[in-house]
A.B. asks: 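Below you will find the structure I want to go over with you.
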Amino acid sequence: MPLDQLVLGLQHALDRLIRRLRLGPPPSAGRRRLLIVQIDGLSRAVLEDAMARGRAPFLARLVHRRGYPMTPMSVGLPTSTPAFQLAAMYGVRPDIPGFHYHDKRRKADVYFPRGSDAAHVEQTQAAGRKGIVSGGGTYGCVFTGGAASNLLTFAMIKRPTGAGLVRTASKLVVIAWVLVKGSIASTVEVVRALLRMIADPVSAAAGNWKWLAIKLAISVWLRELFTLAAGHDIYTGVSTIYINYLDYDVAAHAWGPRHPRALQALRRVDASIHRLWRVLRRVPEHRYDLYVLSDHGQAATQPYLRLTGGRRIEQSLFDDFFSTAEGRASTAGREGGGVFRTLEAVRARRAPGFFQRFVNYLEQDFPWVLGGTRSVREHDGIRVIAAGPNAFVYFLETTEALTIERIEERHPELPARISASPGIGIVLVRSAAGPLCFWRGRRYSLDTLAAGPFAHRPDLERVVEGIRDLMSMPSAGDLVIYGIDAPQGNVSFVAEVGAHAGPSIDEMETFLIHPPQVIVPTPITHPVQLYPHFASYQTEAA
Ligand SMILES: [Zn+2]
């Protein structure tokens, strides 16, 4: 869009003027710079489909006409953003079994939207390594990757931009433009929705208003802000930029990974990447290499609640398998006070009024906004956390993970029985002889998976490696329960029709689009392999 170019050009001129007044040097021109664009939640299969059907025209051109190779990438387990980003940013195999889990040794839950949790995980697991975004900027990530400037990145959510606050302040022209454009776009969307209502008041029901809210918040405002701010970074020659577009992932959770609304979100992300590309072309002297990748895909799921007539997985587990009378009555929570307790109270329907209605609305329609916290239950030393198509069961009697031998002393045949119950796919558990997988009541070792749940998987080796990695994480549950590949199809334990964290092929298989002249590791079997490649831009910078 030429107006964007004008605004960025204006900002660029302003920056030059400021630099001249302060006699500072322009950024050095020589070395290669790194621009990573992550399209959250997009599987390779959906992208290929979208490209073929004209729903991602810029990426299709980049791959087919400009010769940017699309290298397949398998992302390992769990298929979850924090696990991917820690591996790619620091080159370590993380102890991050999901988006929400329990750390028995610290006796604490880790829940990623909480900025302090993300920061703690990054500090303790980065192993003192230099992150791939050191000296650069992140947008919408879970971790900083060493970046000084972080906008809406979980680990820095309370200090939105750290040192980058100054940088943001210097982006005043860009920010003013985001406000103008965002307001116009919001108005257009609201007017459109109103016209639809007038034209067809019956079918323009709740669904459209939900979509409108998401579109405005994430798809209009966040995407605009990220794109223009990153465009400005490119003009000024920031050494490394990691930008994560969330639009597609959010829409796919709400409507399914192949729903027209999810593809529409992808279409808009594609247009934003095109805009970044045009900025790149205006400053060839900065020598940016553009990478487009995805951290995981999504499986089409049905909510567990729909199968069970409203009974949650935690409830099912306590009622059917860990049954005690008090167990049925108690709700979660050693977890602290403050907002959490208020939310719990509100969720337990103890708080009346408008706020209650708002939270109920969020809980029903935007479960991912509240994440997994509401799906925690603990009783009799057993803690259950459900966080998507995955649920973790922790026996709190020891700080180490329990093996099946220990678990079955108290709960005979437990993994087998759970795996045979409705809405359950596979159940993973550790044993003295390595991880075991239970599926539809039967037991498989990693060597015999091909005879069971993962028959016909071309990437069986990746699945085996993923399960081994996952069950060697100290924070993974003593039981790891997946709704993926249940007899009823793929099932999520939260109210969503697109989900990830599990081992289905759409969740695990993504892509890396990269410049034709660079050589990337192949095959990419785990995001940990990206680290040395991206880190080499840092050494060049030194
Ligand atoms: Zn997601």
Side-chain angles (χ1 to χ4, degrees), residues 37-47 73 75-88 94 96-101 110-114 117-118 139-143 152-154 157 210-211 214-215 217-219 222-223 226 243-259 261-263 265-266 269 293-304 362-363 365-375 385-391 482-484 490-511 527:
V37 177
Q38 176 178 313
I39 306 176
D40 204 290
L42 182 62
S43 67
R44 185 167 73 247
V46 170
L47 176 60
M73 170 158 68
V75 299
L77 284 180
T79 42
S80 177
T81 309
F84 176 89
Q85 287 192 343
L86 200 83
I96 302 177
F99 202 71
H100 183 196
Y101 59 90
V110 175
Y111 176 54
F112 277 99
R114 279 200 293 248
D117 286 6
Y139 295 91
C141 292
V142 173
F143 301 116
L152 287 166
T153 284
F154 289 154
I157 208 100
K210 269 189 261 173
W211 183 226
I214 293 178
K215 204 147 74 170
I218 292 168
S219 234
L222 268 192
R223 197 170 35 79
F226 287 4
I243 171 170
N244 181 21
Y245 286 113
L246 302 157
D247 321 29
Y248 170 79
D249 188 65
V250 170
H253 277 296
W255 284 284
R258 291 172 186 274
H259 190 278
R261 280 172 174 160
L263 296 177
L266 175 59
V269 170
L293 55 77
S294 177
D295 52 343
H296 56 76
Q298 285 203 19
T301 54
Q302 52 176 320
Y304 182 81
L362 276 183
E363 187 160 23
D365 296 338
F366 302 94
W368 58 90
V369 174
L370 298 179
T373 357
R374 79 209 148 81
S375 294
I385 295 181
N390 54 338
Y482 276 114
I484 299 296
N490 294 327
V491 170
S492 177
F493 302 129
V494 302
E496 58 188 4
V497 293
H500 56 90
S504 72
I505 195 157
D506 277 353
E507 290 166 282
M508 289 183 76
E509 292 296 321
T510 72
F511 58 89

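Order of appearance sets the numbers: ligands from 1, and atoms from 1 within every ligand. These values consider heavy atoms only, across backbone and side chains, with no hydrogens, waters or symmetry-generated copies. In this chain, numbering begins with 1 at the start of the sequence shown.
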A.B. asks: For the Zn ion (ligand 1), which N, O or S atom of H253 is at the shortest distance?
C.D. replies: NE2
A.B. asks: Confirm or rule out an N/O/S atom of H296, from backbone or side chain, lying less than 2.8 Å from the Zn ion (ligand 1).
C.D. replies: no
A.B. asks: For F226, which residues count as a ring pair (Phe, Tyr, Trp, His ring centres under 6.0 Å) partner, sequence neighbours excluded?
C.D. replies: Y139
A.B. asks: Working to 10°, measure the angle at the Zn ion (ligand 1) formed by atom NE2 of H500 and atom OD1 of D249.
C.D. replies: 90°
A.B. asks: To check you understand the geometry: which heavy-atom pair defines the closest contact between A262 and G256, and what is its length?
C.D. replies: CB-O, 3.5 Å
A.B. asks: Taking only residues two or more places apart in sequence or in another chain, which ones pass ring pair (Phe, Tyr, Trp, His ring centres under 6.0 Å) with F511?
C.D. replies: none
A.B. asks: Could you check whether the rings of Y111 and F99 sit parallel, tilted or perpendicular, using 30° and 60° as the cut-offs?
C.D. replies: perpendicular
